[in-house]
Amino acid sequence: MPLLAGFATALSLIVAIGAQNVFVLRQGLRREHVLPVVLTCALSDALLISSGILGLGALLTRSQLALDIAKFGGAAFLYGYAFLAAKRAFNPGAMTAADHAPAALRSVVLACLGFTYLNPHVYLDTVVLLGSLANQRGTDGRWLYGLGAVTASFTWFFSLGFFSRKLATLFARPRAWQFLDTSIALLMTTLATWMLLT
């Protein structure tokens, strides 16, 4: 059934540990602008998957310039976020969620958009791969497949964003935030370097 196939395929791609998921997790732990963040991620996936079904994937694979812009822009963005995470990790005394002044909604949403659209692999996963798999289902099945994929995205991001707060007691300690931000810094640096080398 196209709906279930789309759901299963998209979920297997989305749950991989990446910059976007780590960002959503961190916002969920801080209980800060969680709804706008998860909506931005899920609606972006819906837009990208729909674009792939409509044929954007074929155009993207032919545009080396578009892929290069996403590649180098994305790497620079991830290196910058890695630096900020490392800076937070070196100041663990100020890292309890309650002590942090809330970030502005605009800056959080812009960061979320950066994690989404400056990652060239998101285009390969959603626009190219899911779009082409959907189009193999024929005229009637492609949108059902796409609906399944979009449903998987909404399910994952809402779960990650809102259920991460169950870890709040663990992250009441500055040392836990230090560990998380150190891990984020290492992950972002690794992803950015891998992005440049592939």
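Basis for what follows: all heavy atoms, side chains included, without hydrogens, waters or symmetry-related copies. Predicted model, so just to flag it, every value in this text is computed and none were measured. This chain uses plain numbering: 1 for the first residue, then up along the sequence.
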_Results of side-chain hydrogen bond (donor to acceptor under 3.5 Å, both in side chains) for Ser153 - residues two or more places apart only_ = Asp45
*All side-chain contact (heavy atoms from CB on, under 4.5 Å) counterparts of Ala185, not counting sequence neighbours*: Ala85, Ala86
*Counterpart residues, ring-ring contact (aromatic ring centres under 6.0 Å, His included), relative to Phe7 (two or more places apart)*: none
*Donor-acceptor side-chain pairing of Tyr79 and Thr189 below 3.5 angstrom*: no
_By side-chain contact (heavy atoms from CB on, under 4.5 Å) - contacts of Val38 (at least two apart)_ = Val24, Val34, Leu35, Phe157, Phe158, Phe162
_Assigning hydrophobic clusters by single linkage (Ile, Leu, Val, Met, Phe, Trp, Tyr; side-chain heavy-atom cutoff under 4.5 Å), is Met1 placed with Leu147?_
yes
_Donor-acceptor side-chain pairing of Gln178 and Arg175 below 3.5 angstrom_ = yes
*ring-ring contact (aromatic ring centres under 6.0 Å, His included) partners for Phe115, two or more places apart*: Phe23, Phe77, Tyr81
_Closest non-hydrogen atom pair between Gly141 and Pro2, with its separation_ = O-CB, 3.6 Å
_Leu133: which residues meet the side-chain contact (heavy atoms from CB on, under 4.5 Å) condition with it, sequence neighbours left out?_
Thr9, Leu129, Gln136, Tyr145
Output a table of donor-acceptor pairs, distance under 3.5 Å, between side-chain atoms of residues 105-113 and any protein atom two or more places apart or on a different chain; print 'none' if there are none.
from: Ser107; atom 1: OG; to: Ala104; atom 2: O; distance (Å): 2.9

*Please answer: with hydrophobic residues joined when any side-chain heavy atoms are less than 4.5 Å apart, are Phe154 and Leu25 in the same cluster?*
yes
*Salt bridge check: are Arg26 and Asp181 linked by an N-O gap of less than 4.0 Å?*
yes
*side-chain hydrogen bond (donor to acceptor under 3.5 Å, both in side chains) partners for Thr116, two or more places apart*: Gln20
*asked:* For the CG atom of Leu11 and the OG1 atom of Thr151, what is their distance to the nearest 0.5 Å?
replied: 11.0 Å
*All side-chain hydrogen bond (donor to acceptor under 3.5 Å, both in side chains) counterparts of Ser159, not counting sequence neighbours*: none
_Please say yes or no: joined through hydrophobic side-chain contacts below 4.5 Å, possibly via intermediate residues, are Trp143 and Leu130 part of one cluster?_
yes
_N/O donor-acceptor pair under 3.5 Å between Glu32 side chain and Ala103 backbone_ = yes
*About how many Å separate OG1 of Thr155 and CG of Leu160, when rounded to the nearest 0.5 Å?*
12.5 Å
*Test side-chain contact (heavy atoms from CB on, under 4.5 Å) applied to Leu186 - qualifying residues, sequence neighbours left out*: Thr182
*Listed partners of Arg142 passing side-chain hydrogen bond (donor to acceptor under 3.5 Å, both in side chains), at least two apart*: Asn135
*Following the transitive rule for hydrophobic clusters with a side-chain heavy-atom cut-off under 4.5 Å over Ile, Leu, Val, Met, Phe, Trp and Tyr, establish whether Tyr117 and Val127 coincide in one cluster.*
yes
*Looking at CG of Leu187 and OG of Ser183, how far apart are the two atoms once the value is rounded to the nearest 0.5 Å?*
8.5 Å
*Shortest non-hydrogen contact from Ile49 toward Thr126*: CG1-CB, 4.0 Å
*Would you give the length of the straight line joining atom CD of Gln27 to atom OG1 of Thr40, rounded to the nearest 0.5 angstrom?*
10.5 Å
